[in-house]
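Here's the structure, in C-alpha cells; my notes come after.
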2 protein chains.
Amino acid sequence: MMLSDVMEDYLKAIYQLQRGDDERVKTSAIAEELDVTSPTVTSMLEKLEDRSLIDREKYRGVTLTEEGETVALEVVRHHRLLEAYLTEHLDYDWSEVHEEADRLEHHISENFEARVAAALDEPEVDPHGSPIPSPDLEPPNTAVGNPISECGEGDTVIVKEVADHDPEILSYLADHGLEPGVELEVLEVAPFGMVTASARGSDTQVSLPEDVARHIRVALPAEAE
Amino acid sequence: MMLSDVMEDYLKAIYQLQRGDDERVKTSAIAEELDVTSPTVTSMLEKLEDRSLIDREKYRGVTLTEEGETVALEVVRHHRLLEAYLTEHLDYDWSEVHEEADRLEHHISENFEARVAAALDEPEVDPHGSPIPSPDLEPPNTAVGNPISECGEGDTVIVKEVADHDPEILSYLADHGLEPGVELEVLEVAPFGMVTASARGSDTQVSLPEDVARHIRVALPAEAE
DNA sequence: AGGCAAATTTAGCCCTATCTAACCCTAAAT
DNA sequence: ATTTAGGGTTAGATAGGGCTAAATTTGCCT
Ligand SMILES: [Mn+2]
Ligand SMILES: [Mn+2]
Ligand SMILES: [Mn+2]
Ligand SMILES: [Mn+2]
C-alpha cells in the first residue's frame with residue numbers, strides 16, 4: 001500500500017492522540033495536532049477509512065485499525081530512531097532533533113532504517129526517553145513511569161521521559177538539569193497542576209506549568225530498572 | 001522561495017543535461033531523464049520560468065538562470081554529500097546510495113547538510129568521484145579527467161569518476177576492480193565506442209559498451225594530482 | 001518553395017491536499 | 001421537548017503534478 005507522507009502524519013497523530021484502546025480520536029484534536037482545518041481532516045479521514053486504516057463513526061471520532069496502527073508504529077519507529085541517530089552521531093542537541101526527524105521519517109528506506117538501528121545497536125529509547133517500537137512493530141507496552149504531576153511533595157524520582165517537542169522548552173529543561181535519567185526531588189505540586197522540582201546536584205529549581213509537566217514521566221528509584 | 005521537491009528535480013535534471021553554457025536543454029531530454037511525458041515537462045517549465053529559475057525560448061529549450069543554477073547546485077550538493085555519508089558512515093555500498101540520496105536530497109535541512117559535511121571533513125568528491133559543490137554554491141569547474149572512450153589503446157590511466165547510477169552496473173564494475181582511484185590499462189577502443197580495459201593487479205578484463213563507458217572519466221597518471 | 005516527420009505546446013481531464021463558507025449533528029441545558 | 005453552542009461535514013475553490021489526444025511549430029529533405 002502506497003501512502004503519502006501526509007497520510008502517514010495523520011496516522012501517527014491519531015496513534016499519539018488515542019489514549020485508551022477504544023477511545024475515539026476527534027476531528028478537532030487531529031486538526032490541532034497537525035495544524036490544519038477540520039474540513040481538511042474530515043476529508044482525509046474518509047480516505048483513510050476507504051483504505052481500512054481507521055474505523056470511523058461519523059461525528060464521533062476514529063480509532064486505528066490494526067493495519068493503521070502498524071503504519072503508525074512504523075512512522076514512530078523511524079522518527080525515534082532518527083532522533084537517536086541525530087543526537088548520537090551527528091552532534092544534534094535533543095532540542096533540535098524533532099523537526100528534522102518529523103520530515104525525514106517519511107523518506108527513509110527500510111534499508112536506511114536498518115543501518116541506523118545497527119549503528120545505534122538497536123536502541124530501545126530515543127533521546128527524550130520515549131520507547132522506540134521494535135522492528136516487528138508489535139504495539140509496545142505502555143510508557144514507563146507516571147506523569148510527574150502525580151507525585152507527592154517530597155518524593156525523589158528518576159526522570160524517565162521528557163516527551164516535549166518545543167525546542168525552547170527542551171533547552172530550558174536541559175539548562176536546569178532536567179533530562180532522562182536524572183534524579184529529581186519534587187518540591188511542590190500546586191492544585192492547578194504546576195510542579196516545582198529540583199535536579200539532584202543542582203541547587204536551582206524549576207517550576208513546570210501543567211502543560212509542560214504533563215509531558216514528563218518519572219518513576220520511583222525502587223521501580224527504576 | 002518555496003520550491004517543491006519535484007521542481008528541485010527538474011532544476012537538477014536541467015543542470016545535469018546542460019552541457020555547454022548557453023546550450024539549451026530540450027523538453028524531450030528532461031522528459032526522458034525524469035520519466036514523465038513531454039506535456040508534463042512543458043507545464044513545469046512554464047512554472048519555473050514564471051519564477052525566473054530558467055530562461056525559455058518556446059519550442060527551442062531552456063537554460064538555467066543564475067538563481068536556478070544555485071538551486072540545482074544546492075540539490076546536487078545535498079545528493080553527493082548524502083552519497084558520501086551513506087558509504088562512509090552507514091555501510092552502504094556505492095551501488096545502493098543513489099536511490100536513497102535521490103529522495104533525501106529534498107528533505108534535509110541546512111543544519112543536517114552542515115553536520116554531514118563536518119562528519120565527513122568537507123569532502124570534495126562523492127563515492128563515484130563526482131565533485132561535491134562547495135557550501136557557497138559557486139559553479140564548480142568542469143569535471144576532472146576525460147571520457148575513457150577518448151583514450152588510445154595501450155594507455156595506462158587513473159579512474160577519476162564513475163558517474164553511473166544503475167546499481168547492477170556499479171556492482172559489476174566494482175567486481176571487476178573498476179572504481180575511482182584505480183589504475184587501468186586500456187586494451188581496445190572499438191569504433192562503435194566499446195572500450196575494453198583491465199584494472200591494475202587483476203588479470204580479468206572488462207568490456208564497456210558505449211553508454212557505460214560514457215560515464216567513466218579517467219586521467220593520465222601524469223595529470224593525476 | 002513545398003511538404004513532412006518529429007518535437008513541442010495546447011486543451012482538457014484526473015487526483016491529492018488544502019482552504020473558506022455554509023450547513024448539519026450531538027449533547028447538554030433549560 | 002426545545003434550544004443552542006460547539007463541533008463535524010458538505011460544497012466549492014485553488015494549486016501542484018500528472019496524463020492523453022489534438023493542435024502547432026520547426027527543421028530538414030526534396
Ligand atoms: Mn512527519
Ligand atoms: Mn521502516
Ligand atoms: Mn531527487
Ligand atoms: Mn543545503
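Quick note: numbers below take in every heavy atom, side chains included, and nothing from hydrogens, waters or symmetry partners. A, B, ... follow the sequence lines: proteins, then strands. Residue 1 opens every chain.
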Quick one: [X] [atom1] to [N] [atom2], roughly how many Å, whole number?
X: D50(A); N: dT16(C); atom1: CG; atom2: P; value: 10 Å
X: I30(B); N: dT8(C); atom1: CD1; atom2: P; value: 9 Å
X: M2(B); N: dG16(D); atom1: CE; atom2: P; value: 11 Å
X: E8(B); N: dG16(D); atom1: CD; atom2: P; value: 15 Å
X: M44(B); N: dT8(C); atom1: CE; atom2: P; value: 17 Å
X: E49(B); N: dT8(C); atom1: CD; atom2: P; value: 16 Å
X: D5(B); N: dT16(C); atom1: CG; atom2: C1'; value: 14 Å
X: K47(A); N: dC15(C); atom1: NZ; atom2: C1'; value: 9 Å

Test of understanding: with salt bridge (Lys or Arg N to Asp or Glu O under 4.0 Å), list the residues that count as partners of [X], not counting sequence neighbours.
X: E96(B); answer: R115(A)
X: E57(A); answer: R24(A)
X: E99(B); answer: none
X: R51(A); answer: none

Pairs under 3.5 angstrom, nitrogen or oxygen only, protein versus nucleotides 7-10 of chain D, please.
residue : atom : partner : partner atom : Å
dG8(D)  : OP2  : S28(A)  : N            : 2.9
dG8(D)  : OP2  : S28(A)  : OG           : 3.4
dT9(D)  : OP1  : R56(A)  : NH2          : 2.9
dT9(D)  : OP1  : Y59(A)  : N            : 3.1
dT9(D)  : OP2  : T27(A)  : OG1          : 3.1
dT9(D)  : OP2  : T42(A)  : OG1          : 2.9
dT10(D) : OP1  : K58(A)  : NZ           : 3.0
dT10(D) : OP2  : E46(A)  : OE2          : 2.8

| task | For residues V162(B) and P180(B), report the shortest heavy-atom separation together with the two atoms involved. | result |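 Smallest interatomic distance, heavy atoms only, reads CG2-CD, 4.1 Å.
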| field | Within residues 32-49 of chain B or reaching into it, pairs that qualify as salt bridge (Lys or Arg N to Asp or Glu O under 4.0 Å) - sequence neighbours excluded | value |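 As it turns out, the salt bridge (Lys or Arg N to Asp or Glu O under 4.0 Å) pairs with a partner in residues 32-49 of chain B, which skip direct neighbours, are E49(B)-R56(B).
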| Of all pairs that satisfy salt bridge (Lys or Arg N to Asp or Glu O under 4.0 Å), the ones with a partner from residues 123-138 of chain B, not counting sequence neighbours |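 Sorted pair list: R80(B)-D126(B).
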| task | Could you work out which one of dG18(D), dA17(C), dG16(D) sits closest to the side chain of S4(B)? | result |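 Selected nucleotide (nearest to the side chain): dG16(D).
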| NZ/NE/NH1/NH2 to OD/OE distance under 4.0 Å, E8(A) and K12(A) |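 No salt bridge links E8(A) with K12(A).
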| Using the C1' atoms of five pairs at each end, what's the angle between the two axes of the helix from dA1(C)-dT30(D) to dT30(C)-dA1(D), to 10 degrees? |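 Its terminal axes enclose an angle near 20°.
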| query | Between R51(B) and T37(B), who's closer to the 5' end of DNA chain D by nearest nucleotide? | reply |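 Whichever sits nearer the 5' end wins; that is R51(B).
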| Partners passing side chain to side chain donor-acceptor pair (under 3.5 Å) against S207(B) (at least two apart in sequence or in another chain) |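 Counting only residues at least two positions away or on another chain, S207(B) forms a side chain to side chain donor-acceptor pair (under 3.5 Å) with T196(B).
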